[in-house]
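Since this is a predicted model, take the numbers as computed values, not measurements. By convention in this document, chain letters (A, B, ...) are assigned in the order of the sequence lines, proteins followed by strands, and residues within each chain are numbered from 1.
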Amino acid sequence: MNNVKDPVVVRFAPSPTGMLHVGNARTALFNWLFAKSTGGRFILRIEDTDCDRSTSEYTKMILDNIRWLGLSWDEGPGKGGDNGPYLQSERLVSYREKAEILIKEKKAYRCYCTQEELEIRKQEAVSQGKQPIYDGKCRNLTAEDIQKHDEKGSGYTVRFIVEPQELIVEDLIRGQVRFDLSLYGDFIIMKSNGYPSFHFAVALDDALMGVTHVIRGEDHLPNTPRHMLLFRSFGVITPQFGHLSMILGPDGQRLSKRHGVTSVDEYRQKGYPPQALVNYLALLGWSPGDGQELFSVEELINKFSLKGISKSASIFDPQKLDWVSSNYIHKEDPSDIAIHSIPFLQDAGIDYVDEDYVVKAMAVLKLSLITYSDVVQKGSFFWNKEYEFNDEAIEVLERCEVGKFIEVLLVNLKDWVEGSMPGEAVRNASLASGIKGKEIYHGIRAAITGMVSGPDLAGIVNTLGPERVQKRLKCVLQKFWMADKNES
RNA sequence: GACCCCGUCGUCCAGCCUGGUCUAGGACACAGGCCUUUCAAGCCUGGAACACGGGUUCGAAUCCCGUCGGGGUCGCCA
């Protein structure tokens with residue numbers, strides 16, 4: 001096994017057959033944290049051996065999402081390194097050569113069985129109550145048999161020989177796991193299209209790239225014996241394995257589209273700070289043991305340890321993500337929030353006046369934000385001259401007493417030209433109209449924001465300034481109270 | 001079906017390895033309250049779990065066995 005002093009080399013190896021999923025993202029994160037916390041290297045490798053489903057668009061997006069999360073790689077696409085190339089489709093020669101060597105060494109053999117034959121024999125096995133594994137038909141083909149097949153031009157796969165035996169996986173997270181290899185059968189390492197199978201490509205690449213720790217999803221645990229066999233046949237040290245439990249949807253089922261947001265990119269588009277997603281994902285299946293839940297990336301690196309990883313599956317909780325995210329934004333400087341939010345304002349086609357104004361608004365808005373995109377809705381009264389009134393606000397404003405109060409307030413506010421709204425004017429208006437407490441603040445808020453809840457009212461008034469506030473009050477008076485009065 | 005993994009509040013975790021300090025702790029969510037002459041934020045309080053059954057032991061959430069439940073894998077997908 002590996003010497004403790006050997007530097008850690010880990011990798012994250014997504015296949016570009018879809019978007020980067022939160023489950024994969026957590027796997028990437030744990031690998032990255034493990035590398036960072038041990039001073040090791042983090043390699044990124046793209047497993048694009050599924051010609052039908054892999055696309056370069058997905059590769060691009062996955063890379064982009066990993067970058068967005070802040071998980072920089074030491075070797076990989078766009079970065080280079082001593083163990084490249086980092087796209088499996090560019091490493092075909094090594095797989096083919098190695099497969100030939102394994103055949104020569106009698107550790108693998110050509111298999112001419114067609115998929116149809118395989119399917120039929122599998123059905124037979126199942127109907128007889130046997131394991132549906134490859135029966136080894138082509139294992140002992142003679143040279144003549146092979147020649148005959150080749151003359152016919154039959155395609156073939158290459159299968160790796162699995163001898164029945166017990167194999168023990170020493171899992172970093174799960175401990176000893178025993179497998180009975182008589183249940184496995186000879187598996188394919190080269191497909192008939194000349195591409196390596198997943199098992200072969202992973203094992204060879206991990207061997208060639210000097211990977212010391214393979215941290216991946218639990219769905220790969222049953223594959224691990226195959227990979228270990230392959231490492232042994234290469235004559236290299238087998239890396240250590242650690243299998244992470246799955247992330248499940250709210251219904252306890254495997255994460256899928258119907259659970260709503262599952263891809264990293266969607267969270268990005270929704271305006272979650274990447275650090276918040278990283279923080280939440282770290283919490284899902286890992287704990288520092290001391291109860292801390294909010295971390296900077298540096299703290300995460302310092303505290304991370306394989307020991308803190310839990311064995312049981314965990315359910316993704318969007319509400320807790322929101323909590324982490326809001327905590328993150330609460331601590332951020334208004335100017336930084338502005339930088340991250342402005343793209344959302346622009347996308348919404350909002351004329352936000354100028355950056356200084358946005359920064360000022362963020363200072364009062366930030367406590368209401370869960371994501372950066374929230375600024376559009378939750379701060380709409382900051383950006384739009386023609387802000388909308390929601391039902392609750394209309395209900396408040398349609399009361400005649402509120403109109404009376406606002407009318408008096410406007411008169412009292414005549415000399416107000418700068419700073420915050422004079423408390424004296426409010427008090428006098430309250431006295432004169434007989435309206436007080438809850439009503440007056442509700443009224444002012446509803447009038448100038450169109451909502452009955454939101455950020456600190458004084459802050460809003462301050463940011464909007466005397467001119468805008470008075471104008472809005474006048475408009476509201478016109479719109480709600482005057483109309484009412486005329487009718488009655 | 002076979003094999004493998006897992007099983008503490010609704011959810012995420014701590015405790016389990018090295019049995020007693022656990023009348024099981026924290027967080028999210030939920031409920032109530034405080035603060036603010038509004039709402040939000042913040043603060044406080046509350047309800048809420050050791051899957052079940054055996055065994056070992058003076059003593060088990062912690063160790064052992066079984067049952068049940070959930071998940072995973074059985075592809076020329078990865």
Which pairs would a plain distance check flag for residues 179-188 of chain A, meaning a side-chain donor or acceptor within less than 3.5 Å of a matching protein atom at least two apart in sequence or in another chain?
| unit_1 | atom_1 | unit_2 | atom_2 | d |
| --- | --- | --- | --- | --- |
| A:D180 | OD1 | A:S182 | N | 3.0 |
| A:D180 | OD1 | A:S182 | OG | 2.8 |
| A:D180 | OD2 | A:S182 | OG | 3.0 |
| A:Y184 | OH | A:P222 | O | 2.9 |
| A:D186 | OD1 | A:R139 | NH1 | 3.4 |
| A:D186 | OD1 | A:V162 | N | 2.8 |
| A:D186 | OD2 | A:Y109 | OH | 2.6 |
| A:D186 | OD2 | A:R139 | NH1 | 3.2 |

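Proximity note for A:M246 (side chain, C-beta onward) versus B:C28, B:G72, B:A78: the nearest is B:G72. The side chain of A:T49 lies closest to B:A78 when the candidates are B:U38, B:C28, B:A78. Considering only side-chain atoms of A:R53, the nucleotide from B:U11, B:C77, B:G70 that sits closest is B:C77. Out of B:U38, B:C76, B:G72, the shortest distance to the side chain of A:R159 is found at B:C76. The listed nucleotides are B:C28, B:C5, B:U11; the one nearest the side chain of A:L221 is B:C5. Here the nucleotide nearest the side chain of A:Y441, chosen from B:C12, B:C76, B:U38, is B:U38. Distance from the side chain of A:V177 is smallest for B:C5 among the nucleotides B:C28, B:C6, B:C5. When distances are taken from the side chain of A:E47 to each of B:A29, B:A78, B:A41, the shortest belongs to B:A78. Checking B:A2, B:C5, B:G75 against every side-chain atom of A:E218, the shortest atom distance belongs to B:C5. Minimum atom distance to the side chain of A:D219 is reached by B:G72, of the listed B:C4, B:G72, B:C76.
When both distances must be under 3.5 Å, the Watson-Crick or G-U wobble mate of B:G1 is B:C74. Across all strands shown, the partner of B:G66 is B:C52, judged by Watson-Crick or G-U wobble contacts whose two distances both fall under 3.5 Å. Checking B:G19 for Watson-Crick or G-U wobble geometry (two distances, each under 3.5 Å) identifies no partner in any strand. The base-pairing partner of B:G59, taking Watson-Crick or G-U wobble contacts with both distances under 3.5 Å, does not exist among the strands shown.
For A:L321 and B:U11, the CG to C1' distance is 13 Å, given to the nearest whole Å. Protein atom CG of A:D456 is 14 Å distant from nucleotide atom P of B:G42, rounded to whole Å. In this entry the distance linking NE2 of A:H21 with C1' of B:A78 reads 14 Å, nearest Å. Here the C1' atom of nucleotide B:C77 and the NE2 atom of A:H220 are 11 Å apart, to the nearest Å. The CD1-P distance, from A:I46 to B:A78, rounds to 14 Å in whole Å. Distance A:L431 CG to B:U37 C1': 12 Å, rounded to the nearest Å. The CG-C1' distance, from A:D322 to B:C12, rounds to 14 Å in whole Å. Between the CG atom of A:N223 and the P atom of B:G75 there is a distance of 11 Å, rounded to whole Å.
Comparing A:S312 and A:L283 by the nucleotide of RNA chain B whose heavy atom lies nearest to each, the residue mapping closer to the 5' end is A:S312. Residues A:Q131 and A:Q176 both approach RNA chain B. Their nearest nucleotides, taken by heavy-atom distance, put A:Q131 toward the 5′ side.
Nucleic acid contact for A:L183: sugar-phosphate only, since backbone atoms but no base atoms lie under 4.0 Å from a heavy atom of the residue. Among the protein residues, A:G129 comes within range of no part of the nucleic acid, since none of its heavy atoms lies under 4.0 Å from any strand. Among the atoms of the strands shown, base atoms are found under 4.0 Å from some heavy atom of A:C113. Here A:R174 lies in heavy-atom contact (under 4.0 Å) with sugar-phosphate atoms only. Contact annotation for A:K122: backbone-only contact, meaning every heavy-atom pair under 4.0 Å involves sugar-phosphate atoms and none involves a base. Among the protein residues, A:G454 comes within range of the nucleic acid bases, having at least one heavy atom under 4.0 Å from a base atom. Within 4.0 Å (heavy atoms only), A:S54 reaches no atom of the nucleic acid at all. If you check every strand for non-hydrogen atoms under 4.0 Å, A:S15 touches sugar and phosphate atoms only. Nucleic acid contact class of A:R226 (heavy atoms, under 4.0 Å, all strands): none. A:H199 comes within contact range of at least one nucleobase, with a heavy-atom separation under 4.0 Å.
Within the 4.0 Å cut-off from OP1 or OP2 of B:U11, not a single side-chain nitrogen or oxygen of A:S314 is found. The shortest distance between the side-chain N/O atoms of A:R254 and the OP1/OP2 oxygens of B:U73 is below 4.0 Å. Distances shown here put a side-chain N or O of A:K191 below 4.0 Å from the OP1 or OP2 atom of B:A78. Proximity of A:K320 to the phosphate of B:U11: no side-chain N or O atom is located under 4.0 Å from OP1 or OP2. The phosphate of B:C13 has OP1 or OP2 within less than 4.0 Å of a side-chain N or O from A:S310. In this model, the phosphate group of B:C17 is not approached by any side-chain N or O of A:K307 to a distance below 4.0 Å at OP1 or OP2.
Residues A:H220 and A:F198 place their aromatic rings such that the two centres sit under 6.0 Å apart. The aromatic ring centres of A:F34 and A:F42 sit 6.0 Å or more apart.
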Evaluation steps, salt bridge (charged side-chain N to carboxylate O under 4.0 Å, His left out), between A:K320 and A:E293: CA-CA 11 Å; A:K320 184 124 185 190; A:E293 307 220 67; 3.0 Å; yes
Derivation of the salt bridge (charged side-chain N to carboxylate O under 4.0 Å, His left out) call for A:D135 and A:K122: CA-CA 9 Å; A:D135 55 12; A:K122 187 192 280 182; over 6 Å; no
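A donor-acceptor distance shorter than 3.5 angstrom exists from the side chain of A:S325 to the backbone of A:I370, with no hydrogens or angles considered. At distances below 3.5 Å, at least one donor-acceptor pair connects side-chain atoms of A:R445 with backbone N or O atoms of A:P455.
A:V169 is listed as a side-chain neighbour of A:L167, based on a closest heavy-atom distance under 4.5 Å.
Spacing between B:C9 and B:G26 at atom C1', rounded to whole Å, works out to 12 Å. Across the C1' atoms, B:G59 and B:G19 are found 8 Å apart, a figure rounded to whole Å. Rounded to a whole angstrom, the distance from the P atom of B:C4 to that of B:G66 is 12 Å.
Listed by first and then second residue, the side chain to side chain donor-acceptor pair (under 3.5 Å) pairs involving residues 198-209 of chain A are A:R11-A:D206, A:R45-A:D206, A:Q88-A:D205, A:R91-A:D205, A:Y95-A:D205, A:H199-A:H227 (not counting sequence neighbours).
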Grab the N/O contacts between the protein and nucleotides 60-66 of chain B below 3.5 Å, and write none if there aren't any.
none

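Cation-pi contact between A:R159 and A:Y134: present, with separation from the ring centre below 6.0 Å and deviation from the ring axis of at most 45°.
When A:F316, A:Y328, A:Y267, A:W286 are each tested for a ring-ring contact (aromatic ring centres under 6.0 Å, His included) with A:Y280, only one passes: A:F316.
Judged by distance alone with a 3.5 Å cut-off, no donor-acceptor contact links the side chain of A:S453 to the base of B:C39.
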